[in-house]
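Below is one structure, written out as structure tokens; the observations come after it.
Residue numbers begin at 1 in each chain, while the letters A, B, ... track the order of the sequences. Since the model is a prediction, treat every value here as computed from it, not as a measurement.
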Amino acid sequence: MIQASQKGRAMSIRVRFAPSPTGYPHIGNIRTVVFNWLFARQQNGGFVLRIEDTDRERYVSDALRVIEDSLEWLGIDWDEGPGIGGDYGPYVQSQRLAIYKQKAEELIDTGKAYRCNCPTERLEQVREALRAKGKTPMYDGRCREKPMGAVSPDEPHVIRLKVPPEGTTTFHDMLRGEITFENRLIDDQILLKSDGFPTYHLAVVVDDHMMEITHVMRGDDWIPSTPKRILLYRAFGWELPIFVHVPLVLGPDGKKLGKRHGATSVDEFRRQGYLPDALFNFLALLGWAPGEGEEQEVFSREELIERFDIRRINLSSAIFSYDKLDWMNGYYIRQMSEQKLLQHLIPFWADAGLISTPVPTEMLPTLRLLVPLVQERIKTLRDAVKLTDFVFVDIETPPVEELIGKKMTAKESLTAIREVQHLMGTLVQFTAEAMEQPMRDLAETLGLKAGQLFGIVRNAVTGKRVSPPLFGTIQALGREQTLKRLENAEKALVAHIEAQQKA
RNA sequence: GCCCCCAUCGUCUAGUCUGGUCUAGGACACAGGCCUUUCAAGCCUGGUACAUGGGUUCAAAUCCCGUUGGGGGCACCA
């Protein structure tokens with residue numbers, strides 16, 4: 001953690017991630033967080049985590065914990081925030097209510113805001129009427145016209161911003177330039193709700209100002225409501241931060257990524273067996289590219305920090321490609337040391353109920369044998385489970401058709417199985433290296449292609465047509481299990497041949 | 001409905017700001033091939049894109065305008 005910035009460090013940039021604990025952080029928001037974090041780390045600036053828990057109705061109790069866990073898992077650290085504090089705290093908005101209230105009252109005193117006690121039903125009616133006329137639904141300003149004091153501070157009410165009825169409001173976006181809105185289409189935004197909590201607009205402006213945030217980088221779904229906040233900054237007489245609206249991340253259907261798109265929360269990606277470094281790399285490249293003819297796709301965190309450039313963020317939204325993420329994750333897996341991969345794999349085997357944790361010492365050699373076998377075959381860590389489950393649990397003897405080799409009879413297959421049984425039973429060293437050549441020799445002796453023989457054995461021993469390399473698999477399985485499964489296969493073939501003869 | 005943003009292969013993108021070097025490059029995915037005990041991995045090859053109409057210019061993917069398309073927003077939600 002770097003020391004929280006002092007006011008004197010005017011040169012230092014400060015950005016923030018300000019999630020609302022109404023759900024788990026999803027991958028689209030996190031992509032924007034990645035941009036913020038990369039920028040902060042590159043500029044040696046501050047990265048602030050602030051919790052915007054001003055919606056009491058949608059509050060999810062464990063969301064804060066999951067948000068923190070997700071960030072930590074992805075290797076995104078923050079310099080100030082809940083738990084660790086900082087010079088600008090508290091960093092949880094529900095602990096700052098007095099500030100927002102005071103700021104809202106200030107605006108009433110200066111004539112920039114007013115109290116409104118219109119009931120919800122009336123507001124809905126007003127909006128509906130405007131909608132029916134094809135106009136933008138918004139508040140009609142009834143309470144705005146009332147004399148000061150008409151709505152008592154003691155009765156239930158909200159505080160609204162007085163938006164100029166005419167003219168335009170323009171702000172500068174670092175990526176898009178000037179964006180202009182007509183004031184007559186901007187609603188008299190509620191700043192303070194009747195429950196005493198601020199709305200997003202008030203809280204974010206007050207906090208970004210007080211916390212000296214220099215760059216407000218967020219999704220471009222916030223563009224249409226930005227003028228409301230620009231007006232707020234002006235009402236307070238505060239300097240504007242630099243606005244950077246980054247494009248949204250879309251689901252495969254082209255719509256804003258959300259709960260309906262299946263696995264979207266960071267937590268789900270973790271559970272599915274994605275590596276944090278791979279996900280981070282992928283996310284950094286979603287809507288941003290180093291350019292300059294660069295064709296590299298895999299970047300270390302350090303490289304990304306070094307090369308990230310806000311100005312190179314794309315303007316159009318990007319569809320989240322699970323295919324490319326899978327490829328990248330597989331790539332990272334292949335780059336990993338076997339020892340490291342083993343450590344990553346253990347929790348997944350354990351979750352599947354295939355092994356217990358802590359891993360029993362006698363189980364470790366088996367796992368170590370399995371790692372190189374699966375390493376280049378899996379795209380996610382969880383893929384290893386299906387690829388190796390037969391090593392840990394008993395298999396069903398496969399249907400007899402699977403035990404008969406290509407272009408072979410049942411009898412020939414039976415002979416082959418018996419020869420393999422003999423071979424496996426008499427091997428001095430039960431290792432992949434020791435069995436490969438004898439097995440190849442055996443195939444030749446039997447007049448079979450290696451593939452024919454190995455196919456039969458693969459089915460007999462793994463119960464599958466597709467498996468990791470056969471000899472490594474057999475070694476991992478061990479002599480006892482191998483012989484047992486070969487015996488079962490032999491019995492199945494014998495039964496099949498007898499049945500054929502009777503018919 | 002109104003407002004705002006955006007527009008290069010199916011997808012992520014390079015190239016657009018500083019027009020010519022772009023018969024548009026890379027990656028993922030897909031197809032074929034090689035390798036091979038299956039599946040992968042790896043290597044090789046292939047197809048697919050400047051939304052559209054008008055300008056400006058000797059020259060436009062690149063600049064301007066319209067159209068179309070896509071997305072987002074219009075709450076006492078963030």
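B:U11 is paired with B:A27 under the Watson-Crick or G-U wobble criterion, all donor-acceptor distances under 3.5 Å. In this structure B:G1 sits in a base pair with B:C74, meeting the Watson-Crick or G-U test at under 3.5 Å. For B:U57, there is no paired base (Watson-Crick or G-U wobble, both distances below 3.5 Å).
Comparing B:A78 with B:U21, their C1' atoms sit 49 Å apart, to the nearest whole Å. If you take atom C1' in B:G46 and the same atom in B:U52, they sit 30 Å apart, rounded to whole Å. For B:A60 and B:G55, the C1' atoms lie 12 Å apart once the distance is rounded to whole Å. Look at the P atom in both B:U8 and B:G15: the space between them is 14 Å, to the nearest Å.
A:Gly219 comes within contact range of no nucleotide atom at all, as no heavy-atom separation falls under 4.0 Å. Looking at heavy-atom distances under 4.0 Å, A:Pro469 makes contact with a base. Within the nucleic acid shown, A:Arg58 comes within 4.0 Å of at least one base atom, counting heavy atoms only. Residue contacts shown for A:Ser321 are limited to sugar-phosphate atoms, with no base heavy atom under 4.0 Å away. At a threshold of 4.0 angstrom between heavy atoms, the contacts of A:Gly451 are confined to the sugar-phosphate backbone, with no base atom among them. Across all strands, A:Glu52 comes closer than 4.0 Å only to sugar-phosphate atoms, never to a base (heavy-atom distances). A:Arg312 comes within 4.0 angstrom of the backbone, heavy atoms only, and of no base. Note on A:Arg440: a base of the nucleic acid sits closer than 4.0 angstrom, heavy atoms only. Within the 4.0 angstrom heavy-atom criterion, only backbone atoms of the sugar-phosphate kind lie near A:Leu248; the bases stay farther away. Note on A:Phe181: only backbone sugar-phosphate atoms sit closer than 4.0 angstrom, heavy atoms only; bases stay farther off. Among the heavy atoms of the strands lying under 4.0 Å from A:Lys379 are primed sugar atoms or P, OP1, OP2 only; no base atom is included. Counting non-hydrogen atoms under 4.0 angstrom, A:Asn314 reaches the backbone sugars and phosphates but no base. When heavy atoms are screened at a 4.0 angstrom cut-off, A:Lys255 is found touching the sugar-phosphate backbone but no base atom. Base engagement by A:Pro468 is indicated by at least one non-hydrogen atom pair under 4.0 Å involving a base atom.
Checked by atom type and distance alone, the side chain of A:Asn281 pairs as donor or acceptor with a backbone atom of A:Phe299 at under 3.5 Å.
At least one test fails for A:Arg50 against the ring of A:Phe17: distance under 6.0 Å to the centre or angle within 45° of the axis.
Within the structure, ring pair (Phe, Tyr, Trp, His ring centres under 6.0 Å) contacts touching residues 167-195 of chain A (residues at least two apart or in different chains) are A:Phe171-A:Phe243, A:Phe171-A:His245.
Proximity of residues 18-31 of chain A to RNA chain B (heavy atom under 4.0 angstrom from any strand atom) is restricted to A:Ser20.
Applying the side chain to side chain contact (heavy atoms under 4.5 Å, CB included) test between A:Asp53 and each of A:Ser20, A:Pro19, A:Ser94, A:Pro82 identifies A:Ser94 as the sole match.
Looking at A:Leu74 and A:Val266, their side chains come closer than 4.5 Å, going by heavy atoms from C-beta outward. Looking at heavy atoms from C-beta onward, A:Ser194 lies in side-chain contact with A:Val158 at the 4.5 angstrom threshold.
When RNA chain B is scanned in the 5' to 3' direction for atoms under 4.0 Å from non-hydrogen atoms of chain A, the outermost contacting nucleotides are B:G1 to B:A78.
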